[in-house]
Amino acid sequence: MNTITDFMKRNYKILLVVVCLSATLFAFKINATKEGDPDKDKLLLELLTFVIQKGHYNPAVIDDTFSKGIYKDYIQALDPSKRFFLQSDIDEFSKFEMQLDDELLNKDLTFFNLTYDRLMKRMEESKKIYKSVLSQPFDYTTDESFNTDYEKAPYPKDVKELTDKWRKQIKLSTLSSLTDRLKIQENRSKGIVEKVAKDTLDPLNEGKFKVDPINSDTAKNDKAIDNGKTKTFAELEKETRESALKSLDEYFGFMQDLDRNDWFSVYINSITSRFDPHTNYFAPEEKERFDVSISGKLEGIGARLQKKNDFTEISELISGGPAWRGKQLEAGDLIMKVAQGNAEAVDVVGMRLDDVVKKIKGPKGTEVRLTVKKVDGTIKIISIIRDIVEIEETYAKSSIVNKNGFKYGVIYLPKFYIDFENQDGRDAGKDIAKEVERLKSAGVNGIVLDVRDDGGGSLSTVVDIAGLFIEQGPIVQIKSAGRKKEVLFDKDKKIEWDGPLVIMVNSFSASASEILAAAIQDYKRGIIIGSKQTYGKGTVQNVIDLNQFVRNSAVGDLGAVKTTTQKFYRINGGSTQLEGVSSDIVMPDRYAYLKMGERDVDNAMPWDKIDPAEYTVWNKNVNFNQAIVNSKKRISQSSQFQLIEENAKWIDSRSEDNTYSLNIDKFKIAQSEIEEKAKKYKPLSEYRNTLKFTSLPYEVDEVNKDLTLKEKRDRWHEALSKDIYVEEALNVLDDLQAKTVVKKSTSIPAKLKKDKLARS
């Protein structure tokens, strides 16, 4: 959830001057780049604390309270399930709880070194424990239970307790899988084919239950239980242990890929997050991933990779990328060697995934040769010329739908992306303008802009997008510490779309999404529909490259820091921090009662307000208030929405139920009760409206040439046809459409308005 502003890029030089005045930043002369170099680590600590303290909107005092926060966050990050450390370890670590502020100021790495070495030791011990536990059958007749509330659980007192904890946790995982297998086999013998709807344990998710009683379908792709052969209890029990062993081996394989620098980044982020939840350190690889996420493009071959034991597997080819165009590489291929052009190939089997990615990525126009083991077992050398790869999922997309004689457009914006390095590159502002123009050409009568789950991005694109729907005026106010506010305006008088508008949000719409929703709401330009409130992130971050503060490049890449430099405010003067944006129309949400917003995050910055900007409320939707009334009435009378609300309360109550019996008979009874209750909510997953969503004409031509893109669009259109929230948004457009009239504007003349706004 990151918001980066061009405004801060203008003020960045001021911060640079301040920081460069400090001679202490150049005190170290480092000529080594080996992993865990203590001088490099100390320099990084000094750079981070200095840059954050000088650039942060409201820097925290580095004292004992600060120290306690670091300690809590770091220990929890190292061992969230309390399955590695013993109580004796914690007792030893706790001596540093009030000393970490002093260690930070003195660039002392004693605590980190202690915890890192101990974690590596405990992880090696845990590998032996789980392998031993899974080497023999479980006795599911024993009457015992396991509590998955790890936060409240104590640390094991000794190795015996730790082993027992691993045993119970793994036993719960295998028991869940075993009951699934038994039920599927039983149903198959009766000629019944159905999904098993229940809570499922995810061993790779720190052993926590994923509560999804409607869509859960464990083991449905497991060939071992779907080959038509009836198996004994002992055979099924053995298969569950083998499956658990494979999952844990993969998990520990991933953990082994993490080196000391990765764990040091965890420690550093425990420090930076104490300033506020959105101040983070980016190690070099993370900074690169962040740049890709905010721009939506990279230079490489266009393939998604994943670790598969010691191998690197192609998981997906990105549409339009060079690997996709070459038609030789395919999902499932295993990469054995990588060569740069005609240079000697390097064996990458057993190599860290990040290191393999580094070897494959490279500048546009260069050649990489991959030695791959194809899915049919053959070995092949594939040459690919690297190119610019655009990640299609990053970008805005739109669809059209006919309803009640009207045609409507739905635009989905996953994030407010921008390419800061290329002014001619794609950005959300330009792309949304293009989508709106295309929808206008298609003759739509209303537009839904969907920013659900949109965590933010570039602030400048928010101004551009909001400006498409108003004549001109302020969009957002920004305040830096100790400075006067600045108001960002849409200065273009042109209105790209003046018809009915609905903005869809949910509790994960954050930052830039909230600015857009707030501006549209304050102008009463459109109706905000969705969760009770959005995420509540009202702060602005700026990414600062730490390498420019070090003269000696031999130190290696130090990465970057993203720090909170400003707060933004609605044009009505209120902050979106903590409170978010309240929807004009609140729709029941299955996860409405779970704590997931900024207000639930430790150390979040407070809410406040400033003077409002001067703006003129939109007056062309005379049926605005009635549309809201109509929608609320429909929602209150909808059995589907009532069921969603009931399901939300049930999920909330289930989140407090953390104790599970490890006795198979009692476990089956408990799961049967859950399944029986879950049947009531089955209609939620089966819901489907009668609307047909289609691509715009230009995209129809594209999908006909790209089967991968066609499949993605078909999935999206199908999801829209099952989405009751989109359906209600279209109902609101109907209400706005039916009685929308255009009155003569009563706003003040443009020139006078501009003068007044300039003084606000």
Side-chain angles (χ1 to χ4, degrees), residues 257 285 288-289 291-397 414 417 419 421-422 424-426 431 695 698-716:
D257 261 1
E285 294 82 5
E288 190 173 350
R289 285 192 286 267
D291 290 339
V292 170
S293 73
I294 202 70
S295 67
K297 69 178 187 179
L298 55 86
E299 289 183 280
I301 67 170
R304 289 190 171 93
L305 311 178
Q306 66 183 15
K307 196 75 172 177
K308 190 172 185 180
N309 297 320
D310 284 338
F311 297 99
T312 300
E313 183 183 58
I314 304 293
S315 61
E316 182 186 352
L317 300 182
I318 298 174
S319 294
W324 175 86
R325 294 196 302 266
K327 298 182 179 180
Q328 295 187 74
L329 204 63
E330 57 188 328
D333 287 350
L334 300 177
I335 301 174
M336 315 298 287
K337 297 180 180 181
V338 179
Q340 308 305 319
N342 57 8
E344 184 178 351
V346 177
D347 190 341
V348 297
V349 176
M351 189 177 289
R352 280 166 40 101
L353 183 61
D354 280 347
D355 293 333
V356 178
V357 170
K358 286 179 185 177
K359 293 184 181 301
I360 295 176
K361 289 175 66 176
K364 174 183 178 181
T366 58
E367 181 190 18
V368 62
R369 295 180 184 176
L370 306 179
T371 301
V372 302
K373 183 177 182 180
K374 303 293 291 180
V375 291
D376 61 5
T378 60
I379 304 296
K380 188 175 183 180
I381 297 177
I382 299 174
S383 172
I384 303 174
I385 304 301
R386 300 177 177 106
D387 201 351
I388 300 294
V389 180
E390 291 190 340
I391 303 172
E392 184 269 334
E393 291 88 343
T394 301
Y395 302 126
K397 57 186 176 184
Y417 50 90
D419 186 349
E421 306 303 322
N422 179 13
D424 297 324
R426 294 186 68 169
D431 283 358
S695 291
Y698 86 94
E699 194 173 70
V700 172
D701 295 334
E702 291 184 7
V703 298
N704 287 336
K705 301 173 186 175
D706 185 345
L707 294 179
T708 302
L709 181 61
K710 183 179 187 304
E711 182 182 351
K712 290 179 179 179
R713 286 297 180 268
D714 287 345
R715 285 203 303 263
W716 182 46

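Side chains are part of it too, since the values below use all heavy atoms of this structure and drop only hydrogens, waters and symmetry mates.
Electrostatic pairing of K358 and D354 does not count as a salt bridge here, judged by no charged N lying under 4.0 Å from a carboxylate O. A salt bridge links D387 and R325; the closest N-O separation between the charged side-chain nitrogens and carboxylate oxygens is under 4.0 Å. In this structure, K712 pairs ionically with E393, as a charged nitrogen and a carboxylate oxygen lie closer than 4.0 Å. Salt-bridge check for E313 with K307: failed, with every basic side-chain N at 4.0 Å or more from each acidic carboxylate O. Under a 4.0 Å N-O distance rule, the pair R289/E285 does not qualify as a salt bridge. With salt bridges taken as basic N to acidic carboxylate O contacts below 4.0 Å, one links R426 and D431. Taking a cutoff of 4.0 Å between a charged side-chain nitrogen and a carboxylate oxygen, E288 and K361 qualify as a salt bridge. By the 4.0 Å N-to-carboxylate-O rule, E711 lies too far from R713 to be salt-bridged with it.
Taking OG from S295 and CD1 from I391, the interatomic distance works out to 7.5 Å, rounded to the nearest 0.5 Å. Expressed to the nearest 0.5 Å, how far CG of L709 lies from CG of N704 amounts to 10.0 Å. Distance check: S315 OG to K308 NZ gives 11.0 Å after rounding to the nearest 0.5 Å. Note that CH2 of W324 and CG of L707 are 8.5 Å apart. Values are rounded to the nearest 0.5 Å.
Proximity of F311 to V348: side-chain heavy atoms (C-beta onward) are nowhere separated by under 4.5 Å. T371 has its side chain out of reach of I335: every pair of non-hydrogen atoms, C-beta onward, lies at least 4.5 Å apart. You'll find the side chain of S319 reaches within 4.5 Å of the side chain of D706, heavy atoms only. Considering only heavy atoms from C-beta on, M336 stays 4.5 Å or farther from D347 through its side chain. Annotation: side chain of K374 is in contact with side chain of E330 (closest heavy-atom distance under 4.5 Å). Side-chain contact between T312 and L334 is absent, with no heavy-atom pair separated by less than 4.5 Å. Looking only at side-chain heavy atoms (C-beta outward), L370 and V368 come within less than 4.5 Å of each other. At least one side-chain heavy atom of L329 sits less than 4.5 Å from a side-chain heavy atom of I301.
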**Request:** Determine, step by step, whether T708 and L317 satisfy the side-chain contact (heavy atoms from CB on, under 4.5 Å) criterion, reporting the C-alpha distance in whole Å, the side-chain angles of both residues, the deciding distance to 0.1 Å, and the verdict.
**Result:** CA-CA 9 Å; T708 302; L317 300 182; over 6 Å; no

**Message:** Set out, in order, the CA-CA distance, both residues' side-chain angles and the distance that settles side-chain contact (heavy atoms from CB on, under 4.5 Å) for I294 and D419, then state yes or no.
**Reply:** CA-CA 7 Å; I294 202 70; D419 186 349; over 6 Å; no

**Request:** Go through the steps for K337 and V346 under the test side-chain contact (heavy atoms from CB on, under 4.5 Å), then give the verdict.
**Result:** CA-CA 5 Å; K337 297 180 180 181; V346 177; over 6 Å; no

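Side-chain N/O atoms of Q340 and T366 include no donor and acceptor closer than 3.5 Å.
Scanning both residues, G302 and A323, for their nearest heavy atoms gives O-CB, 4.2 Å. Taking every heavy atom of both residues into account, A339 and A345 meet most closely at CB-CA, 3.6 Å. Minimum heavy-atom separation, I314 to A303: CD1-CB, 4.2 Å. Across M351 and D257, no two heavy atoms sit closer than the pair O-OD2, 4.5 Å. Looking at every heavy atom in both residues, P322 comes nearest to I384 through CB-CG2, 3.8 Å.
Other residues, nucleotides and ligands contribute only 12 or fewer heavy atoms inside 6.0 Å of the CD1 atom of I381. Atom NZ of K297 sits in a crowded spot, with more than 12 heavy atoms from other residues, nucleotides or ligands closer than 6.0 Å.
With sequence neighbours excluded, no residue satisfies salt bridge (Lys or Arg N to Asp or Glu O under 4.0 Å) with R386. Among residues two or more places apart in sequence or in another chain, the ring-ring contact (aromatic ring centres under 6.0 Å, His included) test is passed with Y395 by Y417.
Between the R369 side chain and the I382 main chain, no donor and acceptor come within less than 3.5 Å of each other.
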